[in-house]
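Bear in mind that the values here come from a model prediction, so they are computed numbers and not experimental data.
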Amino acid sequence: MKLHNINVRYSRRIFLIVILALFCAPLITHIYLGSYSRFLSDDFCSAAIARSYGVIGGANYWYLNWRGRFSANLLDALFGYLGPAVTPYATSMVVTAWSIVLATAVARITRGPLLESCIIAAMILFAVLDLIPFVGQSLYWGEGMRTVVPPLILGTAYTALIANRSKSPANRPKLLWVITAGLLTFVAAGFAETYFAVQTAALLFALIIPVAFRRDAPLNKRNYFVLSIAGLAGSLAGGLVVFVAPGNNLRQGTFTPPALPELLSISFRGLREFFELIVFSPGKWWIWVGLILSGFIFGLQVFRRREGSSIAPPRDVWMLVWLPIVGFVLLLACEMPMAWATASTLNYRTMIIPAYVLVSLVICWSYIAGHVCSNLYVLFARRTPAVATVLPLIGLLAFGVFVATITREMWKLRPAFIAYAQLWDERDQIIQRARWEGLPAAVVPRLHNWAALEELEVDPSIIWLSKCVQDYYGISVIPHLGDLSGEADGEAKQTALERQFDAIPKLPGSVPTQLNQIYKTYRGKIGFYKSELDHDQIQSFYLRELAKLGWQHVGEKKLELFHRFTGGTQDLFCSDRVAATLFITGDDEPRLGYTYSITLNWGMSSGFTIGKVDCLPDH
């Protein structure tokens, strides 16, 4: 009999190890794909400021001039100062730390075996990273990830601390634990307003529910309440530091927060969009079914069942009632800061925060439901032991196989990540070489990243990113327009573009700069000029002259650096499929080395409307 029990336990352990491997596979794939991450978008801005002001000075610069997220500012400044060399390792550090902390928290809450806790943790992380719309922006992109993922890790660590100390026999919590609890929530609140809101709301529930429902009170009430109050104090203090930052006023400008009815309307709309993307999107419901089924199976304690176990306490049943209500309020809390600050809903990369909350609550609810039904399972197992044993195994294995198919699809993304990393490295070498040679600018190939983030556009400094890249490298970086030779009538189109360019009158008194000798292209033409005339005189001249040649003026776009108008403008003109862009540098002239530029291109985007070809037939 003992030998039989040993064999059963050994077989179950092998099975659980296989399940763990299946759920860890997508996490390992994320780590692998993340190893091909490079600086993207805002990363250049953080790095440029950190190299100029240092890590602390860089974090302070962003706090005073852009946003109050002091924790994210510090982490961005640190990684910016370290440079692109550490970027490929960021995903592995984050996923590993998150997995360890989450497995620890699950083990402390459930008091179950470590292997089960690791499976549940891997299951939660897999689901969150697969459900969110743009995992690249939330996990692989440095600046995006550092705002939304670290607070989730710190919040999970705080949960593990509460779960552990509230079951400790010690009457009073040590001062070290109280300080740690406050610091964890304080630092976590400094990463994102969205996380601050949900953390504070969760802590309020953590204090109210045990008082209102005594049956749900923890074993060690003193430890629990002291650490909860310390956490709430830390969260409120962190939120205060975020919201009083001078940079918030500069960022919001004259924006007026919406009134309460509109605030609620925007928040509910955001909640609807969240559920449409995370829950009701095609194929997502399989993940939710798998999560609920798996949580229920582990709640039954199938793999650690003991005969004669006591009936589940009534408080578990009540938790099934109030947990969905708490979850709804927490998800609504996630939406409100964005609605209040910008009158808009959450952006895609921030959805990882409510997604983590929802997945964790669903797993928790289904686990409790399984625990409530565990005694019925014991009776069922006594009557039909074979069926009771096989059904849970089939359920977990089916979910694991489904995860394996998703992992296989993720692996197919590998060539795109490798190709982008290689092109990025080549571009970096071109820029460094031009800088060493003392050239005023580097002409580089245009890139298209896997995160759907902004890349360098046709003309330097047309968008804020170009300015950040220039500040980071210390040299102007101009993306190549490409080559028309591979397209139908490519040479004829290029010749026609050059003729159109030459037909445009040049501003009287303007002087071509050295960039005209450096920048050569075969998909259009660009001219860079110095002039003593002011912005209005330059703009008026080209509006008049281009209109005479039949160009249609699409519009003017004021250019900003971190929401500060620099006096620069971009005017877009169309003539059939050919676009003409007049870029006037404004206050950036001393840094860029020219007063204005004229760009002609065919079938491309200059950044006037991000991601959209400038002159389509409907213009």
Would you say that more than 12 heavy atoms from the other residues, nucleotides or ligands in this model lie under 6.0 Å from the CZ of Phe243, or not? yes
Salt bridge (charged side-chain N to carboxylate O under 4.0 Å, His left out) evaluation trace for Asp428 with Arg433: CA-CA 9 Å; Asp428 183 69; Arg433 190 181 308 116; over 6 Å; no
So which atom in Ser267 and which in Met336 form the shortest heavy-atom distance, rounded to 0.1 Å? OG-CG, 3.5 Å
Just by distance, do the side chain of Gln137 and the backbone of Ala451 share a donor-acceptor pair under 3.5 Å? yes
Mark yes or no for whether Ser138, through its side chain, and Arg349, through its backbone, hold a donor-acceptor pair below 3.5 Å. yes
Taking it one step at a time, do Ile56 and Leu74 satisfy side-chain contact (heavy atoms from CB on, under 4.5 Å)? CA-CA 7 Å; Ile56 302 299; Leu74 183 61; 3.9 Å; yes
Ignoring hydrogens and angles, tell me if any N or O in the side chain of Ser265 forms a donor-acceptor pair with the backbone of Pro261 under 3.5 Å. no
Note: Phe501 and Gly527 closest approach over all heavy atoms is CZ-N, 3.7 Å
Here the gap from Gln570 atom CD to Thr585 atom OG1, rounded to the nearest 0.5 Å, amounts to 13.0 Å
Pairwise side-chain contact, Thr345 with Arg269, heavy-atom cut-off 4.5 Å (strictly under): yes
Could you walk me through whether Asp571 and Gln539 satisfy the side-chain contact (heavy atoms from CB on, under 4.5 Å) test, starting with their C-alpha distance in whole Å, then the side-chain angles of each, then the deciding distance to 0.1 Å, before giving a yes or no? CA-CA 8 Å; Asp571 284 273; Gln539 187 181 51; 2.9 Å; yes
Hey, do the aromatic rings of Tyr542 and Phe573 have their centres closer than 6.0 Å? no
Is a donor on one side and an acceptor on the other found under 3.5 Å between the side chain of Asn65 and the backbone of Tyr61? yes
Less than 4.0 angstrom from a charged side-chain N to a carboxylate O is my criterion; do Asp502 and Lys525 meet it? yes
Decide yes or no on side-chain hydrogen bond (donor to acceptor under 3.5 Å, both in side chains) for Glu143 and Ser46, but give the supporting numbers first. CA-CA 8 Å; Glu143 186 109 357; Ser46 296; 2.7 Å; yes
Atom CZ of residue position Arg544 - does it have more than 12 heavy atoms of other residues, nucleotides or ligands inside 6.0 Å? yes
Is a side-chain donor or acceptor of Asp576 paired with a backbone partner of Val578 at a separation under 3.5 angstrom? no
Using side-chain heavy atoms (C-beta onward) and a distance below 4.5 Å, is His553 in contact with Leu546? no
Salt bridge Arg146-Asp43, side-chain N to carboxylate O under 4.0 Å: yes
Short side-chain donor-acceptor distance under 3.5 Å, Tyr472 and Arg51: yes
When the ring planes of Phe44 and Phe39 are compared, do they come out parallel, tilted or perpendicular, using 30° and 60° as the limits? perpendicular
Using modelled atom types and a 3.5 Å cut-off, is there a donor and acceptor pairing between side-chain atoms of Ser71 and backbone atoms of Val187? yes
Specify the closest pair of heavy atoms between Ala77 and Gly58, including all atoms of both residues, with the distance to one decimal. CB-C, 4.3 Å
Might you point out which heavy atoms bring Gly68 and Asn73 nearest each other, and give the distance in Å? C-ND2, 4.3 Å
Using only atom types and a distance under 3.5 Å, with no angle test, would you say the side chain of Lys558 pairs donor to acceptor with the backbone of Glu556? no
Measure from the ring center of Phe70 to the ring center of Phe186 and say whether it is less than 6.0 Å. yes
Tell me, with the steps shown, if Tyr529 and Leu507 meet side-chain contact (heavy atoms from CB on, under 4.5 Å). CA-CA 9 Å; Tyr529 305 95; Leu507 183 70; over 6 Å; no
Looking only at atom types and distance, does a side-chain atom of Ser37 sit under 3.5 Å from a main-chain N or O of Gly34, one as donor and one as acceptor? yes
Determine whether Cys615 and Arg577 make a side-chain contact, defined as any pair of heavy atoms from C-beta on separated by less than 4.5 Å. no
Are Phe191 and Phe196 an aromatic pair, judged by ring center distance below 6.0 Å? no
Electrostatic pair Arg69-Asp76, nearest N-O below 4.0 angstrom: no
Tell me whether Arg67 is salt-bridged to Glu193, with the criterion being a basic N under 4.0 Å from an acidic carboxylate O. no
Do Val477 and Leu456 make a side-chain contact, defined as non-hydrogen atoms from C-beta onward lying under 4.5 Å apart? yes
Would you call the rings of Tyr140 and His30 parallel, tilted or perpendicular, where under 30° means parallel and over 60° means perpendicular? tilted
Heavy-atom neighbours of Tyr53 OH exceed 12 at 6.0 Å: no
Please identify which of these residues, Trp450, Trp424, Trp411, meets the ring-ring contact (aromatic ring centres under 6.0 Å, His included) condition with Phe417. Trp450
Take atom OH in Tyr32; do more than 12 heavy atoms of anything else shown fall under 6.0 Å from it? yes
Do any N or O atoms from the side chain of Thr350 and from the backbone of Leu346 form a donor-acceptor pair under 3.5 angstrom? no
For side-chain contact (heavy atoms from CB on, under 4.5 Å), just list the numbers for Leu129 and Leu27, CA-CA rounded to whole Å, side-chain angles, deciding distance to a tenth of an Å, and then say yes or no. CA-CA 9 Å; Leu129 297 177; Leu27 304 183; 4.1 Å; yes
For residues Leu600 and Ala580, report the shortest heavy-atom separation together with the two atoms involved. CD1-CB, 3.8 Å
Give me the one residue out of Phe134, Trp141, Phe274 that meets ring-ring contact (aromatic ring centres under 6.0 Å, His included) with Tyr348. Phe134
Less than 4.5 Å apart, any side-chain heavy atom of Ile478 and any of Phe528? yes
Can you confirm if the NZ or CZ of Lys467 lies within 45° of the ring axis of Tyr473 and under 6.0 Å from the centre of its six-membered ring? no
Measure the shortest side-chain to side-chain distance between Ile526 and Ile598 over non-hydrogen atoms and say whether it is less than 4.5 angstrom. no
Exam field: side chain Thr595 to backbone Ser531, donor-acceptor pair closer than 3.5 Å: yes
Could you walk me through whether Glu276 and Lys284 satisfy the salt bridge (charged side-chain N to carboxylate O under 4.0 Å, His left out) test, starting with their C-alpha distance in whole Å, then the side-chain angles of each, then the deciding distance to 0.1 Å, before giving a yes or no? CA-CA 10 Å; Glu276 288 174 353; Lys284 302 292 188 184; over 6 Å; no
Among Ile353, Val94, Leu154, find the one that has a side chain to side chain contact (heavy atoms under 4.5 Å, CB included) with Val149. Val94
Validation row: Phe275, Phe280 side chains within 4.5 angstrom (heavy atoms): yes
Which heavy atom of Val128 sits nearest a heavy atom of Ile352, and at what distance? CG1-CG1, 3.7 Å
Side-chain contact test, heavy atoms from C-beta onward, threshold under 4.5 Å: evaluate it for Gln500 versus Ser575 and give yes or no. yes
